Amino acid sequence: MKKTFGGFSRKQQQVVSLFCLLYGLWLAGNGYFETHGNTLPAIPLLAPTPSGMLVYIDPPIDINTAHYEELQLLPSIGPVLAERILLYREQYGTFRSVDALQKIHGIGPKTVQKLQYYLEIKD
Amino acid sequence: MIRPLTPLFWGMLCGILLESQWDTIGRISELIEPFPFILIGGYGLILCLWVVFHRLHYNRLATYLLLVLVVIVGMTRYAFHVRLPVHHIANFVTDERVTLEGILYKPPEKGGDIVYQNATPNQYLYVKTTWLEQGASRYRACGNVRITLLGSPLLLSERKTFSYGDTIRTRIRLRLPQNFDDFDYQEYLQRQGIYLLGTLGHDRYIIKLPQKQGNVILTGIYSLRTRILDFLEDYVTIQGQSVSAPVQVIKAITVGTSRELSQEMKERFRNSGMYHFLVVSGIHVGILAGVGHFLLRAFRFPLRYGSLFLFPGLLWYAGVTGFHFPVLRAVIMAGVIYFAITCNRIPDPLYSLMFAGGVLIFLTPSAVFDVSFQMTVAATASILLLYKRLMRESLGQRLLQTHLAIRVPVFSLIMTTGAMLGIAPLLLFYFHEISPYPFISNLIALPIVSLILPLSLVTEVLSFVLPWRFLYPLVSVDVILVKGLLFLTDIFPPVEMDIPRFSAWFLLVYYLFVYWGVTRFRRHQ
C-alpha cells in the first residue's frame with residue numbers, strides 16, 4: 001500500500017505553531033534589530049588616570065608610590081596582596097626597604113627575593 | 001504523524017544550509033533597508049494563513065505552511081548566529097595593539113606540544129570582551145578572543161593562576177587567525193566563537209581585576225574539574241615523571257584534555273584506530289551510563305527512578321568535560337530515553353538522536369559544519385540503523401540468545417562496523433587518512449577503556465572526601481591499564497595512505513546509498 005503524507009495531526013500542528021510564534025516574537029523583538037543598531041557610543045578617554053590606563057610597567061617601580069593595578073603587575077602579587085600593601089602604607093607609612101614587605105601577611109622571603117628586581121625605594 | 005520531529009529537523013537543517021550557502025537574508029537585508037520588517041511581516045502572514053487552514057481542517061496545506069516556517073526559522077537562526085553585532089571586536093580590530101577588558105568564559109587550557117620535562121607549557125585564555133580601548137576612546141564591546149600565554153618563564157617569577165569568571169585587563173596586539181594550507185583555521189575558530197587571537201610573552205602584562213563574574217553553576221563545575229586535574233598532577237609529582245604520559249592519557253579519557261597530549265602520543269592512537277577514546281564523546285557517556293545501569297540492576301533499583309540520579313550525573317560529566325557537541329548529543333539522547341522510560345513509554349533511539357541533533361542545531365546553527373558534530377551524528381545513526389537492520393534478521397535474534405562471552409565481542413564488532421560506515425568518509429574528507437585497524441584494536445581497547453574511565457572518575461570523586469594518598473593505589477591500577485593501552489598502540493604499525501581529495505557531494509551520495517542499503521529490508525516487506 002502506498003504511503004501518503006497525511007501531515008501533522010491537529011495537536012501536533014498547534015504545538016509547532018506555538019513554537020513558531022514564540023520564535024517569531026523573539027526574532028521581532030530581539031536580535032535582528034540589534035544588528036542594525038546605529039552609532040556605537042564611545043567614552044572618550046579624557047585625561048585618563050595613570051592607574052586606569054596602566055597595563056604594563058617598566059621596572060623598577062617605587063614600592064611607596066605604586067598604585068593598586070601597578071602592584072598587581074608584579075610577580076606573585078595579586079589583588080589581595082596588592083590591597084594589603086596599600087593598607088600597610090596607609091597605616092604605617094612608607095617602606096624603608098624592599099625586605100620590609102615581609103611584614104605583610106602572605107609575603108615571605110622567597111617572594112621578596114623575586115620582587116627585589118622589580119622594586120626600588122626612592123627618597 | 002508518528003514521528004513529527006523528522007520533517008521539522010530536516011526543514012530546519014535545510015534552512016541553515018540554504019542560508020549558509022547563499023546568505024540570502026544577509027544580502028537582501030543589506031540591499032533593502034526595511035527588510036527585517038518585511039521578513040517579520042511575511043513570517044506573520046504565513047502564520048495567519050496557517051490559522052486559516054487549520055480552522056478549515058486543511059491538514060496537509062497547514063503542515064506545508066508550518067514546514068515553510070521551520071525553514072525560515074533555520075535560515076534566520078543561522079543568519080543571526082553568524083552576523084556580528086556593531087560593537088563586536090572583530091569590527092574594530094584586524095591587526096593592532098589595543099587595551100582589552102574581559103571575562104574568562106572558559107577555564108584556561110594548556111596548549112601546544114607538552115614536553116614532560118621542566119618546560120612551562122603555553123596557556124590559552126578564552127576571553128569574552130567587555131571593554132575595548134582604542135586610540136583615545138573606550139568602547140563597550142563584545143566578542144571572544146583567545147590569548148596565548150607563552151611558556152617562557154620570567155626571572156624568578158611564578159605563573160599567575162587564572163580561572164573561569166576572572167575579569168582581566170591587558171594591552172595586546174590582536175589579529176585575525178591565519179589559515180594553514182588548505183585548512184580554514186579562521187572559520188574553524190569562528191565556529192567556536194573566537195574571532196581574534198593574541199599572544200603575550202608573560203602574564204605580567206595581564207591584570208586581574210577585582211570583579212569575579214560568571215555563572216555560579218559553571219563556576220562550581222569548572223572548579224571541580226580543576227580539582228580533578230590537580231589530583232592527577234599531584235599523583236605525578238609524588239610518583240615521578242615515569243607516570244606522566246599515562247596520567248596525561250587518563251586525563252584525556254576522563255576529562256577531555258586531549259589537546260595537552262604530545263603530537264607523538266596522538267599519532268600512536270590515530271595510527272591504531274583508537275583516537276576516539278582520547279576525545280570525550282558518546283562512547284564515554286555510554287560507558288558511564290552502562291556502569292550506572294549495572295549498579296542499578298545489582299541493587300535491584302528500577303531504572304525508571306534511577307534515571308533521576310543518572311541523568312544529572314551525566315549532565316555533570318558533560319559540564320566537566322567542556323560541553324562539547326558529542327557529549328551533549330549523547331546526554332540529550334540519554335535524557336530523552338530516560339524520560340520515555342520514566343513515563344512508561346518505549347524509547348526510540350533514532351528519534352532521540354534526531355531530537356538531540358535538532359536541539360543542538362537550533363541553539364548553535366554553526367554546529368552543522370562542526371566536524372565533531374557531524375561525526376557523532378553520523379556514527380550514532382549508522383550504529384543504530386545497522387543494529388535495527390540486524391534485529392530484523394533471524395541472525396540478530398539468535399545472537400541475542402548467545403552466551404555473554406560471544407555476544408559482547410560480536411556486538412562490539414557490529415558497533416565498530418556501524419561507526420566506521422558512518423565516519424569513514426568524513427575522516428577521509430577532512431583528514432585524508434584512516435586507520436585500517438579499528439576492527440581489531442577496538443575489540444581489545446573498549447573493555448580496557450570501560451575499566452579506566454569509571455575507575456578514574458570514582459577515584460576522582462572520592463578525592464573530594466578522602467585523603468589523596470589513600471587513593472593513589474587506585475590511580476596506579478589505572479596507570480597499569482593505560483600502559484596496556486599504550487602497548488596496544490605500538491602493535492599496529494602506521495600505514496601511509498595517499499587519499500585523493502573529493503567533493504562534498506560524494507558524501508551526500510554515499511550516505512544516501514548507505515541509508516538505502518541498510519534500511520532496504522523494510523522496503524521489500
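Remember, it's a predicted structure, so these values are computed and weren't measured experimentally. Heavy atoms only: backbone and side chains are in, while hydrogens, waters and symmetry mates are out.
- Between chain A and the options B:Val73, B:Leu209, B:Ile172, B:Leu47, the largest number of non-hydrogen pairs under 4.5 Å is found for B:Val73.
- Here the CD-CG distance, from A:Gln13 to B:Asn59, works out to 4.5 Å after rounding to the nearest 0.5 Å.
- More than 12 non-hydrogen atoms from other residues, nucleotides or ligands lie less than 6.0 angstrom from CZ of A:Phe19.
- Around the NZ atom of B:Lys212, the shell of radius 6.0 Å holds more than 12 heavy atoms that belong to other residues, nucleotides or ligands.
- Expressed to the nearest 0.5 Å, how far CZ of A:Phe8 lies from CG of B:Leu66 amounts to 6.5 Å.
- Only the side chain of A:Gln12 comes within contact range of chain B, judged by heavy atoms closer than 4.5 Å.
- Note that CG of A:Leu27 and CD1 of B:Ile40 are 4.0 Å apart. Values are rounded to the nearest 0.5 Å.
- No other option in A:Ser9, A:Ser17, A:Gly78 has as many heavy-atom pairs under 4.5 Å with chain B as A:Ser17.
- Listed by chain and number, the residues in a side-chain contact (heavy atoms from CB on, under 4.5 Å) with B:Ala90 are B:Leu84, B:His88, B:Tyr195 (sequence neighbours excluded).
- For A:Leu21, the parts sitting under 4.5 Å from any heavy atom of chain B are the backbone and the side chain alike.
- Checked by atom type and distance alone, the side chain of A:Tyr23 pairs as donor or acceptor with a backbone atom of B:Arg77 at under 3.5 Å.
- Both the backbone and the side chain of A:Gln14 come within less than 4.5 Å of a heavy atom in chain B.
- Residues of residues 105-112 of chain A lying under 4.5 angstrom from chain B, judged on non-hydrogen atoms, do not exist here.
- No more than 12 heavy atoms of other residues, nucleotides or ligands sit less than 6.0 Å from atom CZ of B:Phe355.
- Looking at B:Tyr43, its side chain does come within 3.5 Å of a backbone N or O of A:Cys20 through a donor-acceptor pair.
- The contact between B:Phe362 and chain A is made entirely by side chain atoms (from C-beta outward), counting heavy-atom distances below 4.5 Å.
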